[in-house]
Amino acid sequence: MDDAAVVPTVKAFIVEKFLFGADAGKVAPDTPLISGGIIDSLGVIELVTFLEQTFGITVEAREAGKTHLDTLAAIAALVKQKRG
Amino acid sequence: MEFGWSAEDLAFAESVTAFAKKELVDDIARRDRAGEFPRELWRACGRFGIQGLPVPKEFGGRGLTALSTAHAMEALSAACPDAGFLFALSAQMWIVEMPITRVGSEEQKRRLLPGLCDGTLVGALAMSEPGSGSDAFSLQTRAEAVDGGYRLTGTKTFVSEGPVADVFVIFATIDPSLGLSGITPFLVERDRPGLHVGEPVPKMGLRTSPMSEISFSDCRIPAENRLGREGRGAQLFNDTMEWARSCILALAVGAMRRQLDASVKYAQERKQFGVAIGTYQSVQRRLVEMKVLLEGARMALYRAIWAKQEGKDAGSAAAIAKLVISEAWVQSGLHAVQVRGGYGYTESYGAERDLRDAVGSLLFAGTVDMQQNLIARALGL
């Protein structure tokens, strides 16, 4: 999967998992996911599992927080960095 | 959804039933009163292969699927009216052996699984703390990185098999500022300096599965005792609880089957006003409801296990199974007591013990209230 596909892939997961398929337009690349209340602490764990399984990367404990996971843009940057 | 029992499953369940009736049914009332864990029976179960049912053969297990394992455990429980002991066996399978099998290193699996399977070892999981029960991830136990490993500090409570366990799967945080992402599982041997095991806690039921507090004070463990990667404890715990909620209550389904069979027999034999009490519709209604509760519980059980086994999103199914089966078990137990009248309230038929044991299922592996929260979350609420 190329880098361009990361954002739509993660967005589809978030809409399905945390917005229950509704209101996909609510999630833009800069929409705050954790600080905006879309993903709670348990959801972060599910998101990390999804990222690791989908993109074949390893997210370290200290990366599993708002700095790297609060927006689609930040998530895409993390995935890109991990995949080198 | 598709699950059918193979000829091999059915034959194995028969052999499990024969084993239980021969080896596990004596002296239960006394052990219940004494809160005694039957270590020799634990070893007998190990020799038969109960503890290793779902563990891969290469690590000393039988390598059964989760569905086949639950089918065997239902048979075991239908034949053995010691739900505490059955709970201890089931808990070890799903909340100790399963996480080790899933994320343990090759060395950890070879070191621990054969002994857990053959009954040499007893394993326990320690998650709850005095200040964190349902809110399990607010735990305070620290695992501070030190040269070559970790130093554990903290207290765990409600540890089933705590008084008798040889090895513990425990959860601690490597850094409280990381929140859930700091929670990490570890393996701790009972003889590790700094691990203190408390006295058995007297409780209402499941008394042959003794419970205690355990605490850690400057308890040092090597890095190779970490179970999986740092920060993956919340994931592992959630997955482990899904397995537990899906599978542990096979013992309840077996117990309900046993209760129903015994209650029907009692209603056919007990005479009042010159006729068997089973001829009265009020008694029939209780027995019919027990049958309906049993069949509903069985469907919920195998539906959840099937989903989990097939790798589907099983969180909701597991929570529904836990909720439905535990409440059904309690209600079935009440009916079993009431069918027997005053005798049901005494120790004579074991019905009061069954009821006390069933109440525990409303609480362990997440209370029924928490299961409702999980189901609501899956509904998007």
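Convention: sequence-line order gives letters A, B, ...; per-chain numbering from 1. Basis for what follows: all heavy atoms, side chains included, without hydrogens, waters or symmetry-related copies.
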Step through the shown structure and confirm whether more than 12 heavy atoms of other residues, nucleotides or ligands are within 6.0 Å of CD on B/Q140.
no
Spacing of OG1 belonging to A/T49 relative to CG belonging to B/D239, to within rounding of 0.5 Å
9.0 Å
Report which part of A/E46 has an atom under 4.5 Å of a heavy atom belonging to chain B: side chain, backbone, both, or neither.
side chain
Nearest 0.5 angstrom please: B/F237 CZ to A/I45 CD1, how far?
13.0 Å
If you count the non-hydrogen atoms of other residues, nucleotides and ligands that lie under 6.0 Å from CZ in B/R110, is the total more than 12?
yes
Side chain, backbone, both or neither: which part of B/R377 has an atom under 4.5 Å from a heavy atom of chain A?
both
For B/L180, which atoms come within 4.5 Å of any heavy atom of chain A: side chain, backbone, both, or neither?
both
To the closest 0.5 Å, what do you measure between CD (B/E230) and CZ (A/R62)?
6.5 Å
So how far is it from A/K17 NZ to B/D313 CG, rounded to the nearest 0.5 Å?
4.0 Å
How far apart are the C-alpha atoms of B/R229 and A/E52, what are their side-chain angles, what is the distance that settles it, and do they pass the salt bridge (Lys or Arg N to Asp or Glu O under 4.0 Å) test?
CA-CA 13 Å; B/R229 290 163 46 198; A/E52 292 190 335; 3.0 Å; yes
Can you confirm whether more than 12 heavy atoms, excluding those of A/F13, are under 6.0 Å from its CZ atom?
yes
Okay, A/L42 and chain B: the region with an atom under 4.5 Å from a heavy atom over there is both
Exercise: identify the closest heavy-atom pair between A/A61 and B/S181
CB-O, 3.0 Å
Name the region of B/L379, side chain, backbone, both or neither, that has any atom closer than 4.5 Å to a heavy atom of chain A.
backbone
